[in-house]
Colleague: 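Submitted below is the structure of interest, expressed as structure tokens.
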Amino acid sequence: MFRDALLVAGKDLRIEMKSKVATNQVLPFSFLVLVMFAFALDADRGLLSGVAAGLFWVTVLFSGLLAIARSFAIEAGDDARDALRLSGLDGAGIFLGKAGAVAVQLLALEVVLAVGAVVLYDVSLRGAGLLVVTCLLATGGIAAAGTIYGAVAAGLRVRETLLPLLLLPVLAPVLLAAARASEAALDVTTADGWPWVRLLAVFTAAYVAFGVVAFGPLLEES
């Protein structure tokens, strides 16, 4: 399973490195969203700092939708999707590989966005460890849930519009927990962020476990 996961993740990441879609399109889009939020709320710096964590994760969510859609779009042509399905690779390995590739792209993006948020939103980084753990868990949850629903929507004509409709309700608790934990890490609130991290870990573990079990049958049916 893990060998198959590495093969699939390596394939997806090599395709993205050659196409440069993530660096030439997703990254500029995400940074523009961050800047537009800053312009919209610049008149009230206190409000901007207070909602910085939420704006950060909304931006990550937008970027995640693009990365997830791209992860399945690269196999839409030339019957590559059927080739992957008939390759004999373990379904759980394919799930972990595709989710891992999305997670790597999102983590790289979050590093850039975090620096931008600190500069644009005037927040102080009090809990670096808390923020790192939050980003790792939230990214894993977004990538896992996105890969599951990406496989569901991949075989449909309306997959571009259906994917956000399916995914946003599922990711709502992940975004809520990530935003609350990040507020504590960015010194926006004095509340303890670790209980939100534990909640985040539960949702992420549930999405990963469900994907490992169900992705193979979903891939066959879609």
Side-chain angles (χ1 to χ4, degrees), residues 13 16-17 20-70 99-146 164 167-168 171-204 207:
L13 290 174
E16 287 305 326
M17 288 178 67
K20 294 184 170 46
V21 171
T23 53
N24 293 344
Q25 297 180 22
V26 178
L27 180 59
F29 167 78
S30 306
F31 196 73
L32 278 176
V33 171
L34 210 61
V35 171
M36 292 305 293
F37 280 139
F39 274 116
L41 299 174
D42 184 60
D44 191 338
R45 299 298 293 180
L47 175 61
L48 183 60
S49 300
V51 299
L55 297 180
F56 173 81
W57 283 109
V58 168
T59 306
V60 171
L61 175 61
F62 288 160
S63 308
L65 289 173
L66 294 176
I68 292 161
R70 171 72 182 163
V102 171
V104 168
Q105 295 174 62
L106 285 181
L107 284 172
L109 181 69
E110 287 166 15
V111 172
V112 178
L113 291 180
V115 174
V118 170
V119 174
L120 293 171
Y121 297 164
D122 193 24
V123 291
S124 62
L125 189 58
R126 185 184 67 176
L130 175 60
L131 186 62
V132 169
V133 174
T134 300
C135 287
L136 289 174
L137 289 173
T139 302
I142 293 171
L167 196 54
L168 290 179
L171 288 181
V174 173
L175 293 178
L176 174 64
R180 292 292 180 269
S182 298
E183 285 177 354
L186 296 175
D187 205 16
V188 175
T189 175
T190 57
D192 185 7
W194 290 106
W196 291 105
V197 170
R198 288 192 283 274
L199 179 63
L200 196 56
V202 170
F203 277 101
T204 299
Y207 294 154

Colleague: Should Glu16 and Arg70 count as side-chain neighbours, where that means a heavy-atom distance under 4.5 Å?
Modeller: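 In short, these two side chains touch, coming nearer than 4.5 Å.
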Colleague: Can you find a heavy atom in the side chain of Val133 that is under 4.5 Å from one in the side chain of Trp194?
Modeller: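 A side-chain contact under 4.5 Å exists here.
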Colleague: What heavy-atom pair brings Val26 and Ser63 nearest, and what distance separates the two atoms?
Modeller: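 Closest approach of Val26 to Ser63: CG1-CB, 4.0 Å.
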Colleague: Determine the minimum heavy-atom distance between Gly64 and Leu106, stating which atoms define it.
Modeller: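 Answer, listing the atom of Gly64 first, then Leu106: CA-CD2, 3.6 Å.
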Colleague: To the nearest 0.5 angstrom, please state how far the CG atom of Leu171 sits from the CG atom of Leu65.
Modeller: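 Nearest 0.5 Å value for the CG-CG distance: 7.5 Å.
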Colleague: Would you name the heavy atoms of Ala99 and Ala143 that are closest together and state the gap between them?
Modeller: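 The pair with the smallest heavy-atom distance is O-CB, 3.3 Å.
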Colleague: Nearest 0.5 Å, please: how far is CG in Leu199 from CG in Leu176?
Modeller: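 Between atom CG of Leu176 and atom CG of Leu199 there are 7.5 Å.
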Colleague: With a 4.5 Å cut-off on side-chain heavy atoms, are Val33 and Val58 touching?
Modeller: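 Side-chain contact under 4.5 Å: no.
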Colleague: Would you name the heavy atoms of Ala53 and Ala179 that are closest together and state the gap between them?
Modeller: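 For Ala53 and Ala179, the tightest heavy-atom pair comes out as CB-O, 3.6 Å.
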Colleague: Kindly indicate whether the side chain of Leu109, heavy atoms from C-beta on, has any atom under 4.5 Å from the side chain of Val60.
Modeller: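 Side chain of Leu109 against side chain of Val60, heavy atoms only: no contact under 4.5 Å found.
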Colleague: Is any side-chain heavy atom of Phe56 closer than 4.5 Å to a side-chain heavy atom of Leu186?
Modeller: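 Heavy-atom side-chain distance check fails, nothing below 4.5 Å.
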Colleague: Can you sort out the partners of Val202 under side-chain contact (heavy atoms from CB on, under 4.5 Å), two or more places apart, ordered by chain and number?
Modeller: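 In terms of side-chain contact (heavy atoms from CB on, under 4.5 Å), with neighbours along the sequence ignored, Val202 is linked to no residue.
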Colleague: Enter the distance from Gln105:CD to Met17:CE here, rounded to the nearest 0.5 Å.
Modeller: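 Result: 11.0 Å between the selected atoms.
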Colleague: Taking atom CH2 of Trp196 and atom CG of Leu130, what is their separation to the nearest 0.5 Å?
Modeller: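 Between atom CH2 of Trp196 and atom CG of Leu130 there are 13.0 Å.
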Colleague: Would you give the length of the straight line joining atom CH2 of Trp57 to atom CG of Leu175, rounded to the nearest 0.5 angstrom?
Modeller: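 Result: 8.0 Å between the selected atoms.
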Colleague: Mind listing the closest non-hydrogen atom pair of Ala201 and Leu137 along with its distance?
Modeller: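 Smallest heavy-atom distance, with atoms named: CB-CD1, 4.0 Å.
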Colleague: What are the two closest heavy atoms between Asp192 and Ala184, and how far apart are they?
Modeller: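 Between these two residues, the closest heavy atoms are C-CB, 4.5 Å.
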Colleague: How far apart are the C-alpha atoms of Val174 and Tyr207, what are their side-chain angles, what is the distance that settles it, and do they pass the side-chain contact (heavy atoms from CB on, under 4.5 Å) test?
Modeller: CA-CA 11 Å; Val174 173; Tyr207 294 154; 3.6 Å; yes
Colleague: Can you tell me how far the CG atom of Leu131 sits from the CD atom of Glu183, to the nearest 0.5 Å?
Modeller: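 Leu131 atom CG to Glu183 atom CD measures 12.0 Å (nearest 0.5 Å).
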Colleague: Could you walk me through whether Leu107 and Leu136 pass the side-chain contact (heavy atoms from CB on, under 4.5 Å) test, one step at a time?
Modeller: CA-CA 8 Å; Leu107 284 172; Leu136 289 174; 4.0 Å; yes
